[in-house]
Amino acid sequence: MKRFLLAALVLLTCCTEKKTAPPESGALYKFDKKAHTRWSSPENINGEPGNGGKENDGGKGHPFDPIKAGQTITLLDVKGTGLITRMWITVADRSAVMLRSLKFEIYWDGSSKPAVSVPFGDFFSVGLGRTAAFHNEFFANPEGRSFQCFIPMPFKSGARITITNESGKDLSHCFYDIDYQLNDEWNADNMYFHAYWSRDTATTVGKDFEMLPEVAGNGRYLGATVGVNANLAYLKSWWGEGEVKIYLDSDTGYPTLNGTGTEDYIGTGWGQGAYATSFAGCLVADNERKQWSFYRLHVPDPVYFSDKCRVALQQIGGDAKAEVLKMQKAGAKLAPVTIDAGGQMLKLYKKGHVVKLDSAGLPDGWTNFYRSDDVSATAYFYLGTPENNLPSLQPAAYRTTKLRIE
C-alpha cells in the first residue's frame, strides 16, 4: 500500500511539473522562420539587406552622425510588421543640459503624433541628467557613457525613431544601433509601447504630482523613472513620505492601488540610499545637493487597465515635530498631515485648513507634511493603440531650468 501511494505521488508530481513548465523553455535554440533580423545604424540606416558599410569601401566610414542645433535626425524609419528588441545610443556631450535638451521620439504605424516624446536622458532612466553606471530589467548604462533599452516594442505597419537637438548648440557625435526584426505576422494581442515625461518645478502643497496623467484605452503600466530636486526651504527633512497611487478604470476620487511611501514603492525603507536592482533602484541619492533619482519597473507584478489609468505621487515629507514647527514659523509652504505618536497616527489634515503645530495638546513625534518640491518623471506603458491622448512634451527651456548642476 505504501509503495502504491509513493508511486501515485511521484506520478502526480511529474504531471504537475509538466503542466507548469515554462512554455518558452526552448525558445533560445528554436529557429524562427518568420523573423528577419535587422540593425539600423549610421553605417546602414534601417538595416537594408547587404547594404552595410558601403561608404568607405567596407572600412569604417560612417559610425556616427552629428546633430546640429535645431536639427532632427532619423535613427529608424521602416515599413511592415516588426519588433524593436534593443536600442543602444551614445553621444559626445552627456551633460545634464544636453541630456534634457535632446528630444527622443518614437512613432508607430505612420502616426503623426509620437507615442514616445521624452528628454533623451530621462527616457533611458537617467533622471536629473546625472549619469550613473547601472543595469536593470529595461535599461543599462554599463560605465555611465552609453544608453541602452531592452523593452520589446512591436509595431504593425511601421516604426520611426528620431532625435531632435533643442539645446541651442551643435552635438558633434551620435552613435546608435537600433536592433529589430521584421515579422510575417501581427498578433492581435500585441500592444504599443508609450512613454510620457513631465516636470513641475514647484509642486502645489496638498496636490499630488501626476507621474502619468489619465491615459485612455486598454494597456499595461510598466513603471517610471522619477527625479526630485528637494526644496531647500525644508532644511534637512525627508521628502519621500508621499504614497504612490494608481487609479484604474472606474476609479475617481480614490485609487485601487495605494502604496505606503516613496521609498517603500521602490522596495527599500526608512529612507533612500543609492542602489540598483532588476526592478527597482535609486541611482542618485545626494543629501548635499538634495537630489534623488529612482525607478520602479512593474515586470513581475503587472499593472493592467481596461479603460484608463492615472499614476500620482503624493508630495509629502516628514521630520520631527519640532523641526517642522521651525519651518512652519519661518514661512515655508507646508500643511501638516499626521503625527506618529508612539505608533498611533494622529490625523491632522483637512483640505482648506492648515493646523498650527504649536497648538495646545498636540503630541511630539514624527510629523508628515505636504510640501512643494521640483519633481519630474518618465512613465512607461503599453497601450492597445499607436497614439495616446497625453499632452506634448514641455519646452526645452523648462526642461533644463534649475537643474542644480553647479
Side-chain angles (χ1 to χ4, degrees), residues 121-128 130-142 144 147-152 193 195-197 203 208-212 219-230 237-248 255-287 289-305 309-319 337-338 340 343 345 366 368 371 373 375-382:
D122 293 82
F123 176 83
F124 288 91
S125 205
V126 179
L128 306 176
R130 295 183 61 171
T131 58
F134 76 98
H135 182 195
N136 64 34
E137 186 77 3
F138 288 162
F139 302 100
N141 195 334
F147 307 86
Q148 296 184 67
C149 174
F150 304 99
I151 300 174
F193 175 75
Y196 173 80
W197 184 89
T203 58
D208 299 345
F209 173 78
E210 289 190 328
M211 296 159 59
L212 177 63
R220 175 178 176 177
Y221 175 63
L222 292 176
T225 296
V226 181
V228 175
N229 283 318
S237 64
W238 170 234
W239 57 270
E241 290 290 345
E243 299 171 350
V244 171
K245 300 182 176 185
I246 303 181
Y247 297 78
L248 302 174
T256 295
L257 309 180
N258 203 130
T260 59
T262 306
E263 76 270 40
D264 309 0
Y265 178 65
I266 62 171
T268 184
W270 308 103
Q272 195 166 302
Y275 71 100
T277 66
S278 295
F279 308 120
C282 181
L283 302 179
V284 177
D286 190 335
N287 276 295
R289 292 186 182 178
K290 295 297 178 184
Q291 290 187 312
W292 283 261
S293 175
F294 53 95
Y295 62 89
R296 166 74 184 275
L297 307 175
H298 294 275
V299 179
D301 56 333
V303 178
Y304 296 110
F305 53 94
C309 179
R310 182 167 73 92
V311 183
L313 175 61
Q314 288 177 326
Q315 299 303 287
I316 295 179
D319 206 335
V337 176
T338 57
D340 183 350
M345 296 292 280
W366 182 265
N368 293 330
R371 51 187 283 160
D373 290 299
V375 185
S376 57
T378 306
Y380 312 102
F381 57 102
Y382 284 114

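One-based numbering along the sequence shown. Excluded from the calculations below are hydrogen atoms, water molecules and symmetry mates; all remaining heavy atoms, backbone and side chain alike, are included. Fair warning: this is a prediction, and the values are worked out from it, not measured in the lab.
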Student check: side-chain heavy atoms of [X] and [Y] closer than 4.5 Å:
X	Y	result
T256	F305	no
L248	C309	yes
F138	V299	yes
V226	F209	no
Y382	I151	yes
T262	W239	yes
R289	R130	yes
E263	C282	no

Pairwise side chain to side chain donor-acceptor pair (under 3.5 Å) hits with a residue in residues 264-273, at least two apart: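 Residue pairs passing side chain to side chain donor-acceptor pair (under 3.5 Å), neighbours aside: T260-D264, Y265-H298.
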Minimum heavy-atom distance [X]-[Y], with the two atoms named:
X	Y	result
A140	F150	CB-CE1, 3.8 Å
P255	K245	CG-CB, 3.7 Å
L212	A379	CB-CB, 3.9 Å
Y247	A312	CE1-CB, 4.4 Å
Y304	P302	CE1-CB, 3.6 Å
A285	A274	CB-N, 3.7 Å

Steps toward side chain to side chain contact (heavy atoms under 4.5 Å, CB included) verdict (Y196, V311): CA-CA 12 Å; Y196 173 80; V311 183; over 6 Å; no
[atom1]/[X] to [atom2]/[Y] distance, rounded to the nearest 0.5 angstrom?
X	Y	atom1	atom2	answer
L297	N136	CG	CG	5.0 Å
Y275	F134	OH	CZ	13.5 Å
T338	I316	OG1	CD1	7.5 Å
N368	D319	CG	CG	10.0 Å
R296	Y380	CZ	OH	14.5 Å

Test item: Q315 side-chain N/O and L313 main-chain N/O as donor-acceptor pair under 3.5 Å: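 Yes; at least one donor-acceptor contact below 3.5 Å.
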S125 side-chain N/O to T225 backbone N/O, donor-acceptor pair under 3.5 Å: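 Not a single qualifying donor-acceptor pair exists.
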Salt bridge (Lys or Arg N to Asp or Glu O under 4.0 Å) involving E210 - partner list, sequence neighbours excluded: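 Result, salt bridge (Lys or Arg N to Asp or Glu O under 4.0 Å) vs E210: R310.
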Salt bridge (Lys or Arg N to Asp or Glu O under 4.0 Å) partners for R220, two or more places apart: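 Here no residue qualifies.
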Residues forming a side chain to side chain donor-acceptor pair (under 3.5 Å) with W292, sequence neighbours excluded: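 Scan of W292 (side chain to side chain donor-acceptor pair (under 3.5 Å), adjacent residues dropped) gives none.
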Qualifying residues under side chain to side chain donor-acceptor pair (under 3.5 Å), relative to E137, sequence neighbours excluded: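 With neighbours one apart ignored, the set is empty.
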Partner set under ring pair (Phe, Tyr, Trp, His ring centres under 6.0 Å) for Y295, not counting sequence neighbours: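 Partners of Y295 by the ring pair (Phe, Tyr, Trp, His ring centres under 6.0 Å) criterion come out as none, since no residue qualifies.
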Test log, rule side chain to side chain donor-acceptor pair (under 3.5 Å), inputs D122 and W197: CA-CA 8 Å; D122 293 82; W197 184 89; 3.2 Å; yes
Parallel, tilted or perpendicular: ring planes of F123 versus F139, cut at 30 and 60 degrees: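 It falls in the perpendicular class, over 60°.
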N229 and Q291: CA distance, side-chain angles, deciding distance, side chain to side chain donor-acceptor pair (under 3.5 Å) verdict: CA-CA 5 Å; N229 283 318; Q291 290 187 312; 2.7 Å; yes
